[in-house]
Amino acid sequence: MDRAALRLILLGVFLISASSGAYATTVITSRVANTLNESQEIQFEVKIPKNAFISKFRMVIEGKTYDGVVKEKEEAQQQYSQAVSRGQSAGLVKSVGRTLEDFKTSVTVAAFSKVTFELTYEELLKRRLGKYELLINAQLVQPVADFKMDVHIQEKPGISFLEVKGDLSTGDLANAIKTTRADKDKSWYFFFFFCAMQKVNPNGEIMVLFFFFCAMQKVQNVLIFLFSQVSNGYFVHYFAPSDVPHISKNVVFIIDRSGSMSGRKIEQTRLALLRILSDLDEDDHFGLITFDSEVNLWKRELLKATEANLKNAKSFVNEITDRGATDINAAVLAGVDMINRHPREGAASILILLTDGDPTSGLTNIEKIMANVKKAIGTKFPLYCLGFGYDVNFDFLTKMSLENVGVARRIYEDSDADLQLQSFYEEVAVPLLTDIQLKYPGGTNLTKTSFSLYFNGSEIVVSGQITDNSVESFTTEVIAVSKGSNVTYQDTTMTKDPSDVPPENEDFMQRLWAYLTVKQLLERQVLLKGQEKEDEKKEALKLSMKYQFVTPLTSMVVTKPQEGDVEVANKPKEGERGERGERGDVYLDYFDSALPSFYQKLPLYPPYTLLSFLHAHILRNNHDILILSPKVHSNRFLLPVVGQSKPLCFDVPVPHKLRLLQDSASEFSMNGESLSEQNGFHQIAIHYKTNYHLIISTKSISYRNGQDNVEILWGQELSQHNTDGVSLVVLENEMNVTMGNIGVVIISHKKDGVMFLWPAIWKYPKDVNLTGVLGKPDISYVKTKGSQTPTLKMKDKEVKTSLETVSDYRLHSTPIQECWLVPFQAVMEAEISDFTVTQL
């Protein structure tokens with residue numbers, strides 16, 4: 001059917017309101033009218049923050065409402081299995097990139113009928129480096145005549161700073177936003193944003209990030225509480241002092257330098273460490289440990305961050321190279337020993353581990369490693385674990401961190417990995433308080449009240465219930481250690497008359513408490529065992545069911561009107577990809593200026609994020625397909641650029657036979673063949689000198705070494721072959737090839753039932769002129785300012801570009817990256833025909 005024949009009437013308005021509570025409830029609403037004389041399947045798809053809980057989903061079709069119901073996961077699984085047995089699709093939510101999850105569903109709409117989708121999710125915004133961040137994602141895949149975004153932000157203490165960043169150019173974004181202060185009470189702020197864009201670039205994704213600072217310099221110990229007319233009251237306490245002296249720190253960096261860290265990982269780690277060392281204060285003490293199968297200490301003791309010591313440390317960092325296996329146990333214990341041997345009164349000690357894999361050397365039993373580390377640290381200081389990439393055992397790192405009062409953070413394999421590392425360090429760079437205890441006489445069912453460290457720019461949030469509704473005041477007490485001395489913060493706040501509390505505020509406080517309680521109960525699950533673990537799991541499940549949160553313990557069941565079709569929405573686990581591949585093609589996006597009815601009912605307090613927009617997918621009448629695979633017209637290659645957060649990318653039409661990589665001097669060549677309308681490569685051939693020939697297909701691997709032939713099937717057990725200058729290692733869905741001084745990885749992917757291959761270069765020889773599509777490791781660009789159309793300056797030439805997305809098939813996780821799409825000729829300085837071959 002011709003797309004032009006489709007006519008949709010869709011409603012879309014963005015409206016965000018947040019308070020000092022920073023608890024945002026987001027409502028996404030889209031209304032679609034099918035004006036054709038035949039049924040159409042319409043897909044609703046949105047991206048939501050990973051930190052959020054979905055709490056409501058409904059479809060209204062011709063006046064009849066179909067509500068999603070949150071059920072215990074086991075119960076929902078039965079309906080899921082029944083749906084799958086009938087050949088229907090399920091699994092609505094999957095992880096997308098670093099911070100988002102993808103929600104999607106579809107419904108068949110009769111001729112001349114309407115459907116309204118409404119999705120609600122809730123999240124507590126986190127305060128990082130002194131500011132809150134609120135992310136909005138919208139997918140605009142067709143020219144949009146009028147796109148509007150209204151944003152209302154309210155903070156009881158006041159807002160001292162607000163910044164908006166987005167994918168639009170700085171000039172366009174500045175021109176599109178209008179800010180208005182419309183309050184009588186000096187402590188309340190109101191902002192209005194208007195964004196009208198004509199002919200928005202098709203296939204463009206708009207990411208808008210709102211940063212705002214509360215006026216916390218005046219209000220550093222904020223208590224907000226609320227009484228319910230029908231049950232016990234609820235309170236929330238925000239603790240964020242900034243007028244205390246910073247504490248010097250003892251920090252030890254434990255860096256994995258095993259063979260899997262080779263290439264860009266080790267380069268980015270070095271770069272991040274050099275920047276971090278430059279940020280150390282002179283009264284800090286630090287240590288550096290690198291490890292593979294052996295542990296290497298830069299110095300046996302902690303050294304003061306003097307100019308001379310930092311200079312020597314940077315020289316050591318510059319010499320870090322990859323090699324060997326991974327002995328995590330010995331490395332972490334060495335770091336603990338270094339801190340224990342050099343205690344400093346009044347200083348805060350921090351241990352930071354960076355690794356990209358499992359323990360493969362020394363002690364490899366994970367349970368024993370965790371027991372050793374926990375015993376050695378003894379809760380004296382936190383261990384922060386940074387997991388590099390998706391091959392790392394992140395569950396292991398998470399548990400080990402939590403057992404030692406720290407946190408785990410995933411570092412994504414991307415061009416900005418060094419900035420991710422540096423950003424994490426900045427969050428823990430300035431400790432202000434240690435051993436923080438918060439007390440609430442008259443409070444019960446409290447969230448976490450004990451914290452080992454408080455860092456500048458962060459925030460401690462505690463919520464609970466008040467046992468006596470008749471009290472006239474409520475007192476908080478915070479006891480902590482600052483530079484070795486005890487400090488106490490006390491505050492007493494008068495309560496409000498329950499009749500003065502709007503019903504929506506009452507609900508907000510209760511839901512914030514429930515959200516925070518469930519989050520912390522789930523976090524503790526990895527630490528507990530036996531009956532205690534079961535009891536806390538039951539409590540988390542009970543609250544998830546009561547407040548209809550989609551959590552790892554629950555699922556949302558959506559029953560659709562077509563003969564009781566069932567779909568199940570599950571909360572993805574960190575690092576887990578969805579069951580399906582990427583999203584399908586999305587055809588039409590249109591926004592109308594009318595306001596939905598809930599806009600009229602918007603409360604001033606608590607914070608609500610009312611975000612309404614359409615992401616519609618018009619399909620053929622096919623009930624069994626949830627995610628469509630668009631036809632592939634080209635392969636998109638990524639080209640990382642040193643010093644730039646966004647890589648370049650370029651397209652090569654399929655089908656083709658390409659010269660991927662060639663080094664004439666060493667007689668190495670790699671060619672690949674793609675098929676029509678398919679991703680990646682059907683077959684890749686690698687040749688080295690005259691005797692070594694490797695043919696890799698989606699089904700098997702053939703290796704010929706002189707007169708010997710070896711046949712290997714994908715999925716077999718680990719296979720390894722070594723001859724003079726040639727190393728082949730075959731894993732389940734990956735093959736590592738080293739020939740001479742060139743190393744490549746061939747990854748086998750499966751998407752929508754179709755297998756394909758993708759090559760990645762992990763070892764580039766130095767001072768060698770490589771040719772081929774993958775033979776351009778060094779390239780640079782500068783973004784031209786003031787141009788209406790995004791323009792890059794490359795090789796002294798201006799090149800028109802657009803910001804696009806690409807699946808990075810060089811990694812098993814296939815993360816979606818943003819990139820600047822440029823013509824093939826601009827990168828390669830040649831035509832595609834110059835890189836084609838007649839035979840592999």
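Side-chain N or O atoms of N393 include one that pairs as donor or acceptor with a backbone N or O of F396 at under 3.5 Å. Side chain of S278 to backbone of L274: a donor-acceptor contact under 3.5 angstrom is found. Side-chain atoms of S423 never come within 3.5 Å of backbone atoms of L419 as a donor-acceptor pair (strictly under, hydrogens ignored). Distance alone, capped at 3.5 Å, is enough to place a donor-acceptor pair between the Q420 side chain and the Y412 backbone.
At a cut-off of 3.5 Å, with distance as the only test, a side-chain donor of D256 or T355 sits close to an acceptor on the other residue. At a cut-off of 3.5 Å, with distance as the only test, a side-chain donor of E122 or Y23 sits close to an acceptor on the other residue. Side chain to side chain, Q465 and N445 meet the donor-acceptor criterion of an N or O pair below 3.5 Å. A side-chain donor-acceptor contact under 3.5 Å links D535 and Q531. With hydrogens and angles left out, the side-chain atoms of T475 and T492 include a donor and acceptor closer than 3.5 Å. Side-chain atoms of N318 and R270 include no donor-acceptor pair closer than 3.5 Å. Between the side chains of K299 and N312, no donor-acceptor pair is found at a separation under 3.5 Å.
The aromatic rings of Y515 and F53 are tilted relative to each other, their planes meeting at an angle between 30° and 60°. Taking the six-membered ring for Trp and thresholds of 30 and 60 degrees, W513 and Y234 have ring planes inclined between 30 and 60 degrees apart. Y454 and F239 have tilted rings, their planes meeting at an angle from 30° to 60° on a 0 to 90° scale. The aromatic rings of Y425 and F253 are tilted relative to each other, their planes meeting at an angle between 30° and 60°.
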Using residues 322-332 as the side-chain source, report each donor-acceptor pair under 3.5 Å to any protein atom, sequence neighbours left out, with the distance given to one decimal.
unit_1 : atom_1 : unit_2 : atom_2 : d
R323   : NE     : D292   : OD2    : 3.0
T326   : OG1    : S258   : OG     : 3.2
D327   : OD1    : A330   : N      : 3.2
N329   : OD1    : N372   : ND2    : 3.2

Which atom pairs, donor and acceptor, lie under 3.5 Å between side-chain atoms of residues 361-371 and protein residues at least two apart or in another chain?
unit_1 : atom_1 : unit_2 : atom_2 : d
N365   : OD1    : E367   : N      : 3.1
N365   : OD1    : K368   : N      : 3.0

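Between E426 and R275, no side-chain nitrogen of the basic residue sits less than 4.0 Å from a carboxylate oxygen of the acidic one, so the salt-bridge criterion is not met. Taking a cutoff of 4.0 Å between a charged side-chain nitrogen and a carboxylate oxygen, K265 and D356 qualify as a salt bridge. With salt bridges taken as basic N to acidic carboxylate O contacts below 4.0 Å, one links R128 and E427. Here D395 does not pair with K399 in a salt bridge; the nearest charged N to carboxylate O distance is not below 4.0 Å.
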Audit row: V252, I352, side-chain contact (heavy atoms from CB on, under 4.5 Å) steps and yes/no: CA-CA 6 Å; V252 176; I352 299 177; over 6 Å; no
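Between F235 and L446 the shortest side-chain heavy-atom distance falls below 4.5 Å. In this structure the side chain of Y238 reaches within 4.5 angstrom of the side chain of E459, judged on heavy atoms. Residues E413 and P815 have side chains not in contact (no heavy-atom distance under 4.5 Å, counting atoms from C-beta outward).
Cation-pi geometry between R410 and F394 is met: the NZ or CZ atom falls under 6.0 Å from the ring centre, inside 45° of the normal.
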